[in-house]
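Residue numbers start from 1 in every chain, and the chains themselves are labelled A, B, ... in the order their sequence lines are given, proteins ahead of strands.
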Amino acid sequence: MPSRIVSILGPTGTGKTESALALSDAMDVGVVNFDSRQVYRDFPIITAQPTPEEQGRCPHLLYGMLGPDRKINAAAFADLAGAAVADLEGRGLLPVLVGGTGLYLKTLLQGIAPIPDIPPEIRRKVLDRIAAHGPQALHRELKLADPEYAAIIHPNDTQRNARAAEVYEATGRTMTWWHSQRLPDPGFDCLKIGIGVELDELTPRLAGRVDRMLEAGALEEARKAWENYPDPQLPGWTGIGCAELLSHLRGEVTLERARELWIQNTRAYAKRQITWFKREEDMRWFRPGDFQGVVQCVRDWF
RNA sequence: GCUCAGGUAGCUCAGUCGGUAGAGCAGGGGACUGAAAAUCCCCGUGUCGGCAGUUCAAUUCUGUCCCUGAGCA
């Protein structure tokens, strides 16, 4: 018996959180975060986590549970999400996954290659080599070890070349081999609800959202986080908004410029998300604000 | 008013020893199997400030005018 779950997907700033709350008014649900940034405790405003009041309206899981110094990845997150879903089901609640991180959803629903954790010293070695010789050097080696995967990823792609190198070095198996491993069916029957807009329509909303975050104390939030975690390399600081505000706090740009960059980067991110979700199969699309449509869609699904 | 430095893609700028020009960013499209709010790929015609002159040919040289910045008055 597969678990029945609902996911609310779409680019940032389309009102996914509100849609989930509308669902919670209509039926017994629990919300599971599905956003790689909303896991960070110290940035509730900047990462647009549901407010405490909103989270009080029904169970909310996987929000703000990590410090900015903690790393998370797709596989680890999917494990947590799987446990969260089981938890809600045990309480008789319909799990509603809300977020914009497409890879995390894909990992939960389809599983991911069972590659073991990479020893830190191997990772460091690979990163050192990239720093010294560039990702192209690793790509040349990859061509010999795993031509099939080398053909798929670009020589300039730092992250994927690093990943391929560390996996091969640590496990003695290629990415192609790992990706060809049969995965057990994670066993989810997921209704995918997409909140869709054109980028042009979304842009002014994103700008307004950034302004509201600033009014709500985003800068103060960043300042406090910086006092506690004064290292710009930490995973938590790489979020959009966090990075721009930090740049201002360190005197590199004016607040006005930080705001502009924040909006610009948010927009570019939304564009990438739109590209991703466009390809997602079995999506039911709704306009922002069409809460009735969303609720009805879930009802009909049962 | 004088001197100097500039006026080239939406922005910041490179360049053409004379044969009509190219980077980064922005913008558009795309990819995505453990960093994913990440990472990466593809897409560049614009009166090269205006006018005139020299030349087969000027964005490039010359003159002049306009604009911007710095300095001197």
Assess, by modelled atom type and distance only, whether the side chains of [X] and [Y] contain a donor and an acceptor separated by less than 3.5 Å.
{"X": "Glu89(A)", "Y": "Ser3(A)", "value": "yes"}
{"X": "Thr171(A)", "Y": "Trp178(A)", "value": "yes"}
{"X": "Thr47(A)", "Y": "Gln38(A)", "value": "no"}

Please tell me if [X] has a side-chain N or O lying less than 4.0 Å from either OP1 or OP2 of [N].
{"X": "Lys271(A)", "N": "G29(B)", "value": "yes"}
{"X": "Arg37(A)", "N": "A36(B)", "value": "yes"}
{"X": "Thr101(A)", "N": "A37(B)", "value": "yes"}
{"X": "Arg267(A)", "N": "G27(B)", "value": "yes"}

Within this structure, what is the [atom1]-to-[atom2] distance between [X] and [N], rounded to whole angstrom?
{"X": "Glu280(A)", "N": "U33(B)", "atom1": "CD", "atom2": "P", "answer": "14 Å"}
{"X": "Arg279(A)", "N": "A36(B)", "atom1": "CZ", "atom2": "C1'", "answer": "14 Å"}
{"X": "Trp276(A)", "N": "C32(B)", "atom1": "CH2", "atom2": "P", "answer": "8 Å"}
{"X": "Leu183(A)", "N": "G34(B)", "atom1": "CG", "atom2": "P", "answer": "12 Å"}

Please determine, for [N], whether a Watson-Crick or G-U wobble partner exists with both distances under 3.5 Å, and give it or none.
{"N": "C56(B)", "result": "G19(B)"}
{"N": "U39(B)", "result": "A31(B)"}
{"N": "G10(B)", "result": "C25(B)"}

Whichever of Ala48(A) and Ile153(A) has its nearest RNA chain B nucleotide further upstream toward 5': Ile153(A)
Comparing Gly111(A) and Tyr269(A) on RNA chain B - which has the more 5′ nearest nucleotide: Gly111(A)
Sugar-phosphate only, base, or nothing, as touched by Trp178(A) at under 4.0 Å among non-hydrogen atoms: nothing
Touch class at under 4.0 angstrom, heavy-atom based, for Asp35(A) against every strand present: base
His154(A) over C41(B), stacked by centroid distance under 5.5 Å, angle under 30°: no
Under 3.5 Å: donor-acceptor pair, side chain of Gln273(A), backbone of Thr12(A): yes
Pairing of Glu260(A) and Arg257(A) as salt bridge, 4.0 angstrom limit: yes
